[in-house]
Enquirer: 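Take this structure first; my questions come after.
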There are 4 protein chains.
Amino acid sequence: MNDPTTMRRSPKQLRSQQRVDDILDAAARLFREVGYEAATTNAIAGQAQVPIGSLYQFFPNKESILKALAQRYTDQMRDLHARTLSPTATEGLPLAQVIGGYLQAMGEFEAAHVAFRLLFLSAEQTQTHEMQAEIIQRVDDLLAARFPLLRPERRRQAASASVGIVKGLMIISGEPATLSAEQSGDEIITALLGYIRAVLVQEALPLPPDLA
Amino acid sequence: MNDPTTMRRSPKQLRSQQRVDDILDAAARLFREVGYEAATTNAIAGQAQVPIGSLYQFFPNKESILKALAQRYTDQMRDLHARTLSPTATEGLPLAQVIGGYLQAMGEFEAAHVAFRLLFLSAEQTQTHEMQAEIIQRVDDLLAARFPLLRPERRRQAASASVGIVKGLMIISGEPATLSAEQSGDEIITALLGYIRAVLVQEALPLPPDLA
Amino acid sequence: MNDPTTMRRSPKQLRSQQRVDDILDAAARLFREVGYEAATTNAIAGQAQVPIGSLYQFFPNKESILKALAQRYTDQMRDLHARTLSPTATEGLPLAQVIGGYLQAMGEFEAAHVAFRLLFLSAEQTQTHEMQAEIIQRVDDLLAARFPLLRPERRRQAASASVGIVKGLMIISGEPATLSAEQSGDEIITALLGYIRAVLVQEALPLPPDLA
Amino acid sequence: MNDPTTMRRSPKQLRSQQRVDDILDAAARLFREVGYEAATTNAIAGQAQVPIGSLYQFFPNKESILKALAQRYTDQMRDLHARTLSPTATEGLPLAQVIGGYLQAMGEFEAAHVAFRLLFLSAEQTQTHEMQAEIIQRVDDLLAARFPLLRPERRRQAASASVGIVKGLMIISGEPATLSAEQSGDEIITALLGYIRAVLVQEALPLPPDLA
DNA sequence: AATGAATGAGCTTTCATTCAT
DNA sequence: CATGAATGAAAGCTCATTCAT
């Protein structure tokens, strides 16, 4: 009947909304600091200064907190996507600049949303799929606007792969003895441009000037 | 004094070595099936048909089992690297073929070592760094042999990024609504070749025929 | 001062009375379905479509709901008793028929009052004593009318025992591998008649024709 | 695979057996004092002076403790049955004396096993069925020896009903304003003899001298 | 060295009851 | 008087680790 991984009650009142936000903030902090498994629901409630009973009025279980957090990030990223990836906002800009602008915004988002990295980069979390699907869709839209001749299936594949490349390089750059944070940005741009160029060549499509 | 995440004593005796292997096999199976957190040390010992007390004579704690597993995989991958990435074994082959051979071998390795994917693809596991460092080094060696004019720092960066790209695409392809397993192999080749070409262009180095 | 297991205020208003009835109906349903302990006050209020706060304005605690339910059943049984056990209504009927009629009525009552069985058959619930006392009294009255020579103390004892016999056979018949529901009715009649006959013989009193 | 209401490990060692006994004793005491639901597993462990973890090594959950207690009582009653109900032990004795001896033994058993009453008298507990089935079987055996002409189906029915009668009268006698403990014993004998006589009459079987 | 019973802190989650609105 | 969000003590149970045998 009711999905045990969804929020119990969507908070209508301002006070309740504030509480849910507090809980999600605390959860984000703790997930970041000690990981999902080690973050206890009592600790989350404690950090959020919310009684444990109240936490369970909004969330039926721990997993639903993770899911709600992912949902919140997904929602909050929509504006970011509109600003940095939408065809209208990026029209005329060289691809490198678009990617750069997107990475810049993502870096800021990541800094402001402490568990985003965890959620975005952690392998196979059902909770993250929706978030990722949305990102892929935005990239797909961008590719569609940029390369109208690219077949939709190939485009979707390229969009998925592009997100995978970003993900992989972000993961790598977070680890010691690999890429520095500064390098990773440039490297992501290089890799994505190189990849997209290769796809276009494969598909025998014309290269735009900045990929030639 | 003694690192609590390292194996307690390297088992000299044959029987001990067998036991350690049994434990690691059981751990790999369980980690794969239920994840690291949900795999209990008692369950690992049970699966391995080894008394829990014995398990704790070889491993000081649960984390050390994960670490040892990563170490075992690292060791076992050395042969794979020699066969598929070493300059001598790959001399004269087109890069695409080298990468294809490597991915093929990795696929087989992954199938034979059930927790490899978990360890290699996990976003941030301190236990995996050594394994990854080794992979990066092999790629670095390969690039050094292929592109002797590439500056060592740039090369190391490219090697790290290449591994990141592979990782990212492997992660993505494991998730629904993205890349199929079949597509991911081709896409990894496309992405890597595209990336390396871009690096060479950036560095104003000559392109080999198969990247032109 | 005020008994915490009694209803807080007897609802004078019509709307209040309706609410109390709704609560008791919901409680009866839930007690029957999941048992007293597992039935939560919030679930009762929810089923009754009454705010939990209102529930606590009528009932100081969960136990008092059970008690009020028993009281309601006791009240509602009064009519049943008058119809099936009162000396006037049963005058001239053979005892077996009286018992049969009573059991029939009880069966219907039980079907219509879902938690009655739970309350009546529960081994030791302080809440049930009054209900049982009333039943015993009715049986006592019946015996008084039927057997005027039976000493009052012996009669009261026999009335208590008779109710115990009914109770015991009802409990047994609800359990697997014992008596079927059909058998239990006949068996109760057999047992009660046999018991009363034995009492009369013990007391050296004349047996009516149908017990001879 | 493994029944979650059965003991986890049957204690082989003497020390373990002692622990299990301590747990069951403590559980019996607590069940008696506060009831099954209100008796917490931690309280049981505390009373038994056994760490909670050890309790859960033997019992997978709270219900299994109740079940094991019922099983222990069932086992311990076997000797009582042999002494008081077996055809050989009761041969030649008048039925009233047999019942009296049985009730006497049951009274002593009840006094020595504090939760027996709760388990035997509580309505519909799956945990009690086996215990009750055994009692019914013993009564059936006794009836078979005493009244060989009684049809087996009728006999089994009578055995079930007899146990029901005992149960009902025990329940009633535990409640205020009904039967005193002393009276209940006599009343049970009266009721059982009266019932069995009625059954024999119904079946048109000869009455033994003490039932005539 | 080998064993596996023993340990108890700590986990997630529930629910009777209150009280500010 | 009516409401239902809020509360937090306490429940059942797990499991990494130890240590007496």
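In what follows, chains carry the letters A, B, and so on, assigned in the order in which the sequence lines appear, proteins first and then strands, with residues in each chain numbered from 1. Side-chain atoms are counted along with the backbone in the values below, which use heavy atoms only and exclude waters and symmetry mates.
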Enquirer: Between E:dC19 atom C1' and A:Arg15 atom CZ, what is the distance in whole Å?
Expert: 12 Å

Enquirer: Is there a Watson-Crick or G-U wobble partner for E:dG8 with both distances under 3.5 Å, and if so, which one is it?
Expert: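 In the structure as shown, E:dG8 has F:dC15 as its Watson-Crick or wobble partner.
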
Enquirer: Could you tell me which nucleotide pairs with F:dT3 by Watson-Crick or G-U wobble geometry, both distances under 3.5 Å, or answer none if nothing does?
Expert: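 Checking every strand shown, F:dT3 finds its partner in E:dA20, with both distances under 3.5 Å.
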
Enquirer: Whole angstrom is fine here: how far is it from CD1 in C:Ile23 over to P in E:dA16?
Expert: 14 Å

Enquirer: Under a 3.5 Å threshold, yes or no: a donor from one side chain and an acceptor from the other, between B:Lys62 and B:Thr41?
Expert: no

Enquirer: Does anything in residues 44-51 of chain D reach DNA chain F, meaning a heavy atom under 4.0 Å, and if so which residues?
Expert: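 Nucleic-acid contacts, sorted: none.
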
Enquirer: Under a 4.0 Å threshold between the charged nitrogen and the carboxylate oxygen, would C:Asp22 count as salt-bridged to C:Arg15?
Expert: no

Enquirer: Does a nitrogen or oxygen in the side chain of A:Arg19 sit under 4.0 Å from OP1 or OP2 of F:dT7?
Expert: yes

Enquirer: Let me know the distance between CZ of C:Phe58 and P of E:dA16, rounded to the nearest Å.
Expert: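 For the pair C:Phe58 CZ and E:dA16 P, the rounded distance is 19 Å.
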
Enquirer: Would you indicate whether the side-chain heavy atoms of B:Arg117 and B:Arg32 approach each other to under 4.5 Å?
Expert: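 Side chain of B:Arg32 against side chain of B:Arg117, heavy atoms only: contact under 4.5 Å found.
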
Enquirer: If I take atom CD1 from residue C:Ile44 and atom CD1 from residue C:Ile52, how far apart are they, to the nearest 0.5 angstrom?
Expert: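 Rounded to the nearest 0.5 Å, the CD1-CD1 separation comes out at 8.0 Å.
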
Enquirer: Please report, rounded to the nearest Å, how far the C1' atom of F:dT14 is from the CZ atom of D:Phe59.
Expert: 18 Å

Enquirer: Looking at C:Ser54, I'd like to know whether one of its side-chain N or O atoms comes within less than 4.0 Å of OP1 or OP2 on F:dT3.
Expert: yes

Enquirer: Compute whether any side-chain donor of one residue and acceptor of the other, for A:Gln57 and A:Arg8, lie under 3.5 angstrom apart.
Expert: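 No, no side-chain donor-acceptor pair sits under 3.5 Å.
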
Enquirer: Sugar-phosphate atoms are those with a prime plus P, OP1 and OP2; base atoms are the rest. Using that split, label each nucleotide of nucleotides 9-15 of chain E B, S or - for protein heavy atoms under 4.0 Å, 5' to 3'.
Expert: B-SBBBS

Enquirer: Measure from the side-chain N and O atoms of B:Tyr73 to the backbone N and O of B:Phe120, and report whether any donor-acceptor pair falls under 3.5 Å.
Expert: no

Enquirer: Determine whether A:Arg72 and A:Asp21 make a side-chain contact, defined as any pair of heavy atoms from C-beta on separated by less than 4.5 Å.
Expert: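 SC-SC contact between A:Arg72 and A:Asp21 confirmed.
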
Enquirer: Would you find a donor on one side and an acceptor on the other, under 3.5 Å apart, between the side chain of C:Thr128 and the backbone of C:Leu119?
Expert: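 Here the side-chain-to-backbone pair exists.
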
Enquirer: If you measure from CG on D:Asp75 to CE on D:Met131, what distance do you get to the nearest 0.5 Å?
Expert: 11.5 Å

Enquirer: Tell which nucleotide pairs with E:dA1, taking only Watson-Crick or G-U wobble pairs whose two distances are both under 3.5 angstrom.
Expert: none

